[in-house]
2 protein chains.
Amino acid sequence: MKPVPLHERIRAEIESAIMAGHLRPGDRIPKETELMAQYDCARMTVNKALSALAGAGMLERRKRAGSFVARPRAQSMVLDVPDLAAAIAARGQRYRWDIASRKITAPDRAQAEALGVSAKVLSVTGVHFAEELPLAFEERMVNLALVPGIADADLSQTPPGSWLIAHVPWTEAENRISAAAAPPAIARALGMARGAPCLVLERRTWRGPDTVTRVRQYFVADRYELVARFGPNL
Amino acid sequence: MKPVPLHERIRAEIESAIMAGHLRPGDRIPKETELMAQYDCARMTVNKALSALAGAGMLERRKRAGSFVARPRAQSMVLDVPDLAAAIAARGQRYRWDIASRKITAPDRAQAEALGVSAKVLSVTGVHFAEELPLAFEERMVNLALVPGIADADLSQTPPGSWLIAHVPWTEAENRISAAAAPPAIARALGMARGAPCLVLERRTWRGPDTVTRVRQYFVADRYELVARFGPNL
DNA sequence: TCTGTTAATATGTATAGACATTATTTTGCC
DNA sequence: GGCAAAATAATGTCTATACATATTAACAGA
């Protein structure tokens, strides 16, 4: 019912042969002229399929030698780290954001080091609720030099993450995922026992060399999990 | 000194315009015919550059409408879930695996449901050490119908994860990351206090429709973290 | 004014060929 | 045999063109 482009079909067939283990790392795949004959198409079509696979890191191509299945360097999975408001809404629950503090400061030494900048900083803390149950405590710093507009945003209604996604581009991000016992103040804000386990997600985003924002979210342990997948059903 | 292909130059220039913020999410970029005139080249060359950017998720291309800078999605970060033995070795530490139990059973009802198969199952538990400090407790089930060879493997020397990576191809995998208080038996095995927080990583891998293995790893909270990145400097 | 049809437009796919680049293999010479 | 030059075989880049497809915009009819 849906016509699949030929180069896409070639790409998919080789990809699944690799994923199913019929082609193993280091194996050589047929040369372009052979695939060209096999699929009865032009070389550019084959080339497009193979280039895409090479770009995705599944093939290594060497002139004169041929194309080879790349050995997977680390097992790279795709991790969904969605905006919390959107994620909760997506699973059909009511979302609420409750801001706890908001201030603008010139960063002290610790913040300057953490943010990697010395410009003025907006600091926000608050709690994310799903169905009126506290889900996560958030503490965030935003680089005002890069994002001046957020000083005028109404962060009591919109959580800063959602505002930033809509307004600020970034080029690079890093998430660190760990577990920790909830510090007393956070346990209180989340209605948990002191020392109860939390899933901690710390994210920094950059634009070029400059830090845009840094956020740490403490999730109530049994109310949230992150899912990373690898496979054809993306 | 190094001849950069034209399509690569076009790609890089647009990419850096996006990264520098000159082109912002939602902005329209020049149409192919315009870029074609600007760089004095054929449309296929421009097309290759733009297709690569679209494939990398930096552009959204719509017929008749044009090409637009995609808004970066917080979803889709690349998470490295390396084999523990390799990961620990990679950071220069001594690795040790201590097997605690190993048995082959016909799965009971709960296991059958969890594994999604009713064939015979190899169950293994054990502890991963880094520099003789316990790092993670692992409990794993392996589908013997798909991986008969592991029945003969020496799992007291090689952790099952490393053995599987070397011997078994898979087509699909899912990781669930959460936090939990360590159950008593696991806390004891890891030398932690009862109820201390753990980072829990549960992974299932499939080959086609069949589950290959399912593993749950409990990490001592402050000795391990997962890192997911997005950005050009991979 | 609304609605359905048609035309215009930007991207998507594919072709056939030319030449460039880079390893590898073969050849020819000492 | 050992070694350097030349042939060769694979991918890399690029062109010019053709037609397909999806979506917007313009237009006509009720």
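Letters A, B, ... mirror the listed sequences (proteins, then strands); counts begin at 1.
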Subject >> By side chain to side chain contact (heavy atoms under 4.5 Å, CB included) - contacts of A:Ala228 (at least two apart) >> reply: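 In terms of side chain to side chain contact (heavy atoms under 4.5 Å, CB included), with neighbours along the sequence ignored, A:Ala228 is linked to A:Met77, A:Leu79, B:Leu79, B:Asn175.
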**OP:** Please tell me which of the listed nucleotides, D:dC14, D:dT13, C:dA14, lies nearest to the side chain of B:Thr45?
**Re:**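 That would be D:dC14.
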Can you name the atoms? Protein N/O to nucleotides 22-26 of chain C N/O, anything below 3.5 Å, with the distance.
unit_1 : atom_1 : unit_2  : atom_2 : d
C:dT24 : O2     : A:Arg64 : NH1    : 2.8

In whole angstroms, how far is the [atom2] atom of [N] from the [atom1] atom of [X]?
| X | N | atom1 | atom2 | answer |
| --- | --- | --- | --- | --- |
| B:Phe68 | C:dT11 | CZ | C1' | 11 Å |
| B:Lys31 | C:dA8 | NZ | P | 15 Å |
| B:Glu60 | C:dG12 | CD | C1' | 15 Å |
| B:Arg61 | C:dT9 | CZ | C1' | 14 Å |
| A:Asn47 | C:dG17 | CG | P | 17 Å |
| B:Leu59 | C:dG12 | CG | P | 10 Å |
| B:Met44 | D:dG12 | CE | P | 15 Å |

**OP:** Take A:Arg102 and A:Ser123 through the side chain to side chain donor-acceptor pair (under 3.5 Å) test and state the conclusion after the steps.
**Re:** CA-CA 6 Å; A:Arg102 174 191 183 283; A:Ser123 300; over 6 Å; no
**OP:** Within residues 6-14 of chain A, find the residues that approach DNA chain D with a heavy atom at under 4.0 Å, and present them sorted by residue number.
**Re:**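 By residue number: none to list.
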Original post:
Counting only non-hydrogen atoms, which of residues 32-42 of chain A are less than 4.0 Å from DNA chain D?
Top reply: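 Residues of residues 32-42 of chain A under 4.0 Å from DNA chain D: A:Glu32.
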Subject >> salt bridge (charged side-chain N to carboxylate O under 4.0 Å, His left out): pairs with one or both residues in residues 215-225 of chain A, sequence neighbours excluded >> reply: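 For residues 215-225 of chain A, and leaving out neighbouring residues, the salt bridge (charged side-chain N to carboxylate O under 4.0 Å, His left out) pairs sorted by first residue read A:Glu139-A:Arg216, A:Glu202-A:Arg216, A:Glu225-B:Arg176.
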Subject >> Aromatic plane relationship, B:Tyr95 with B:His128 - under 30° parallel, 30 to 60° tilted, over 60° perpendicular >> reply: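 The rings of B:His128 and B:Tyr95 sit tilted, inter-plane angle from 30° to 60°.
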Subject >> All salt bridge (Lys or Arg N to Asp or Glu O under 4.0 Å) counterparts of B:Arg11, not counting sequence neighbours >> reply: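 Checked B:Arg11 against salt bridge (Lys or Arg N to Asp or Glu O under 4.0 Å); matches are B:Glu8, B:Glu15.
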Subject >> Contacts of type salt bridge (Lys or Arg N to Asp or Glu O under 4.0 Å), residue A:Glu131, not counting sequence neighbours >> reply: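 Applying salt bridge (Lys or Arg N to Asp or Glu O under 4.0 Å) to A:Glu131 gives A:Arg94.
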Side-chain atoms of residues 156-166 of chain A: list all donor-acceptor pairs with protein atoms under 3.5 Å, sequence neighbours left out, distances to 0.1 Å.
unit_1   : atom_1 : unit_2   : atom_2 : d
A:Ser156 : OG     : A:Asp154 : OD1    : 2.6
A:Ser162 : OG     : A:Asp83  : OD1    : 3.2
A:Ser162 : OG     : A:Asp83  : OD2    : 2.8

Original post:
Who passes ring-ring contact (aromatic ring centres under 6.0 Å, His included) against A:Phe137, sequence neighbours left out?
Top reply: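 By the ring-ring contact (aromatic ring centres under 6.0 Å, His included) rule, A:Phe137 matches no residue at all.
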**OP:** Kindly indicate whether the side chain of A:Arg43 and the base of D:dT13 share any N or O donor-acceptor pair separated by less than 3.5 Å?
**Re:**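 Result: at least one qualifying N/O pair found.
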Original post:
Base, sugar-phosphate, or nothing for A:Ser67, non-hydrogen atoms under 4.0 angstrom?
Top reply: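 If one applies the 4.0 Å heavy-atom cut-off, A:Ser67 turns out to touch the sugar-phosphate alone, with no base involved.
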Original post:
According to the side-chain hydrogen bond (donor to acceptor under 3.5 Å, both in side chains) rule, which pairs have a member within residues 57-66 of chain A, sequence neighbours left out?
Top reply: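 Sorted result for residues 57-66 of chain A: A:Glu32-A:Arg61, A:Arg61-A:Ser67.
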**OP:** Sequence neighbours left out, what passes side-chain hydrogen bond (donor to acceptor under 3.5 Å, both in side chains) with A:Gln38? Give chain and number order.
**Re:**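 side-chain hydrogen bond (donor to acceptor under 3.5 Å, both in side chains) list for A:Gln38, sorted by chain: empty.
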Original post:
Can you pull the ring pair (Phe, Tyr, Trp, His ring centres under 6.0 Å) pairs that have at least one residue in residues 4-44 of chain A, sequence neighbours excluded?
Top reply: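 For residues 4-44 of chain A: none.
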